[in-house]
Amino acid sequence: MTDTIVIAEIVKGAVHPTTAELITAALALGSQPVVVVPCTDASVADGASQFSGAARILAAKSDVFSNYDAAGWASALDAVTPAGIIITSASPQSKDLAARLAARRGISVVQDVVQIEGGNLTSPIYSGKAMQTVSLSGNAVVTVRPNVFAAAASDGSTDVSVVDTTGNVATAVQEFMARASTRLDVAEANIIISGGRGMGSPANFSHLEAIADTLGAAVGASRAAVDTWDDIPHSMQVGQTGKTVNPNLYIAVGISGAIQHLAGMRSSKYIVAINKDADAPIFQHADYGIVATWEEALPILQSTLSTMMA
Amino acid sequence: MANIIVLVKQVPDTNARIVLSGDRVDLSAVKKVMSPYDEFAVETALQHRESSGGEVTAITVGGAGADKVLKDAKAIGVDNIVRIDCETPLDSNSLQSILASVISSLSAEVVYCGKSAADTGAGSTGPGLAERLGWASVSNTTSVEFGEQLSVVTPSAGGNARINVPLPAVVSCDKGNIKVRKPNVKGIMQAKKAQVDVRSVDVPASTVSVVAHSMPPAKPAGKSYQGGAAAAEVAQLLRDEANVI
Ligand SMILES: Cc1cc2nc3c(=O)[nH]c(=O)nc-3n(C[C@H](O)[C@H](O)[C@H](O)COP(=O)(O)OP(=O)(O)OC[C@H]3O[C@@H](n4cnc5c(N)ncnc54)[C@H](O)[C@@H]3O)c2cc1C
């Protein structure tokens, strides 16, 4: 059996639930994983103890983990992570870490895995227009797309052992610039509602924001919206030259569904499209397609959701 | 005076239709372009040169067909163009090893690359190369300012962070607010005449091998509705059928 190691996904200082999906991926690749939790305070690792399927949990404790620095994290984790296939989330930060950690061990990294079968790993290539299946000879670091693998059950109670570690931090944070709104970023959200050129004006994004706030969702945008309106920042852009997202639910409003937009969101678990043009390509990818203007559909969506969530 | 390197990769045009021939993608009929994020890396490298003086060297890995992407970089304004000659597909370990061996011979202080290549979407090259060189790295930057150190902006939980990056460093560039310059006629003429510096290297064996390419699994046809009133039913289904809200 191949030894596997899961590096827990840490978001805002806590173990993120996607870590349970990484355990499922590890079990598909080999034995029960060692779950390594990068932390400044070992109690953070308690957040992983309920995941069933872990062989043991290692709280890797270091000041290095207070801010993300690729060199520091890779060296501090390398020092305490056993040999084997290492699995991390395919979040932007963890993909970066995975690449550095692999290079540090002189092994390869396989990014964005969405399927594991008989030891072979499949990832989307060409922005999801094709899939690539690879085999490994030897160890590797593997990143796994969120919301693809089933989460391991959370009825476990694995003991946590603590190990101190240290690493060489290369960069220094000067300042954090919090987003003006408390709404999630598209890269962090499990539900995204995005607007395109069909929204007509940036002011109309307020209708999307209202629904986002009802659902705890993020607001995204197409490139046409970002390029046309200064008020829609590039940080909201989903697609080939924006962010790649894998939410549970993606609601596309007034977006035609150009191939470069699909590149960023086609692997969403559920896709809803609202567009007045029945022939818009986005409908070919929608689980639920509504042919209507947003002016007609959004108020009804908003009021139904408000009632449901109340 | 800075010795600046930018990594560029030739990829299928993002509009291209990808087809299979047997169990491998067939790119023979596909137009190839510079990977979009690499355009931001080239622009950042040129801005770095304008700020500190020095030279920009663009590097790609590939066969003779990849010279085109170097000529494109030359037309935009880089000084030197280098192709590491290798046509075999490489895993991240082999690719980064050969890049590191060539780059360590160039006494550079900074390497820019795109945040990921449009073909694999992996984003492994920048951070992996930095680790091999023992350099700092920062990824997905949306703004870079030049000085003794670099001051960059990258996304971080809840917003953005401004980060000081000591040199030498590898920086992988996202789009941000950067506007890329277009080649001018003089640049295009110079690019035509420019010589590609071709390097041959020993290529370490790959431990990740491609088994097959395939088309993405077809999504079952979704439900479709006419008229905005259906939004109420869809909201219910999102809860009761899809279980996502
Ligand atoms: C190299 C490259 C990279 C790119 N990267 C990206 C990227 O990262 N992200 C991205 O999104 N695009 C990207 N694009 C651009 C992409 O090709 C499309 O141009 C873009 O996605 C179109 O945005 P849109 O759907 O908002 O606009 P349009 O294509 O103009 O579509 C607007 C839609 O709104 C609908 N509509 C109009 N009015 C209403 C109404 N009242 N109610 C409901 N529907 C309405 C219309 O029927 C139409 O379908 C890229 C292109 C290139 C060449």
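Reckoned from all heavy atoms, side chains included, excluding hydrogens, waters and symmetry mates. In what follows, chains carry the letters A, B, and so on, assigned in the order in which the sequence lines appear, proteins first and then strands, with residues in each chain numbered from 1.
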What is the minimum heavy-atom distance between [X] and [Y], and which atoms define it?
X: A:G242; Y: B:Y37; answer: O-OH, 3.2 Å
X: B:Q96; Y: A:A103; answer: OE1-CB, 3.7 Å
X: A:Q111; Y: B:S124; answer: NE2-OG, 2.9 Å
X: A:E296; Y: B:A229; answer: OE2-N, 4.4 Å
X: B:G121; Y: A:D112; answer: O-OD2, 3.6 Å

(message) What I want to find out is whether A:K129 reaches B:D13 closely enough, with some N-O distance under 4.0 Å, to be called a salt bridge.
(response) no

(message) Check this for me: does any side-chain nitrogen of one of A:D287 and B:K219 sit under 4.0 Å from a carboxylate oxygen of the other?
(response) yes

Can you tell if the side chain of [X] reaches within under 4.5 Å of the side chain of [Y], non-hydrogen atoms only?
X: A:V173; Y: B:R162; value: no
X: A:I259; Y: B:N15; value: yes
X: A:I290; Y: B:V234; value: yes
X: B:I245; Y: A:L305; value: yes
X: B:N93; Y: A:I107; value: no

In terms of heavy-atom proximity below 4.5 Å to chain A, should [X] be classed as side chain, backbone, both, or neither?
X: B:V165; answer: both
X: B:V208; answer: both
X: B:V152; answer: neither
X: B:D23; answer: neither
X: B:L95; answer: neither
X: B:N140; answer: side chain
X: B:P216; answer: both

(message) Between A:K276, A:E188, A:K269, A:M309, who has the most heavy-atom pairs with chain B when the cutoff is under 4.5 Å?
(response) A:E188

(message) Can you tell me which portion of A:D227 sits under 4.5 Å from chain B's heavy atoms? Options are side chain, backbone, both or neither.
(response) side chain

(message) If we count only N and O atoms by modelled type, under 3.5 Å, do the side chains of A:Y288 and B:E241 hold a donor and an acceptor together?
(response) yes

(message) Quick one about A:T304 and B:Q236 (side-chain donor to acceptor, distance below 3.5 Å, no hydrogens or angles considered), yes or no?
(response) no

(message) Does atom CG (A:N168) have a neighbourhood of more than 12 heavy atoms from anything else shown, all under 6.0 Å?
(response) no

(message) Would you say CD of B:E148 has more than 12 non-hydrogen atoms from neighbouring residues, nucleotides or ligands within 6.0 angstrom?
(response) no

(request) Identify the residue among B:T120, B:L27, B:T14 that makes a side chain to side chain contact (heavy atoms under 4.5 Å, CB included) with A:Y126. (result) B:L27

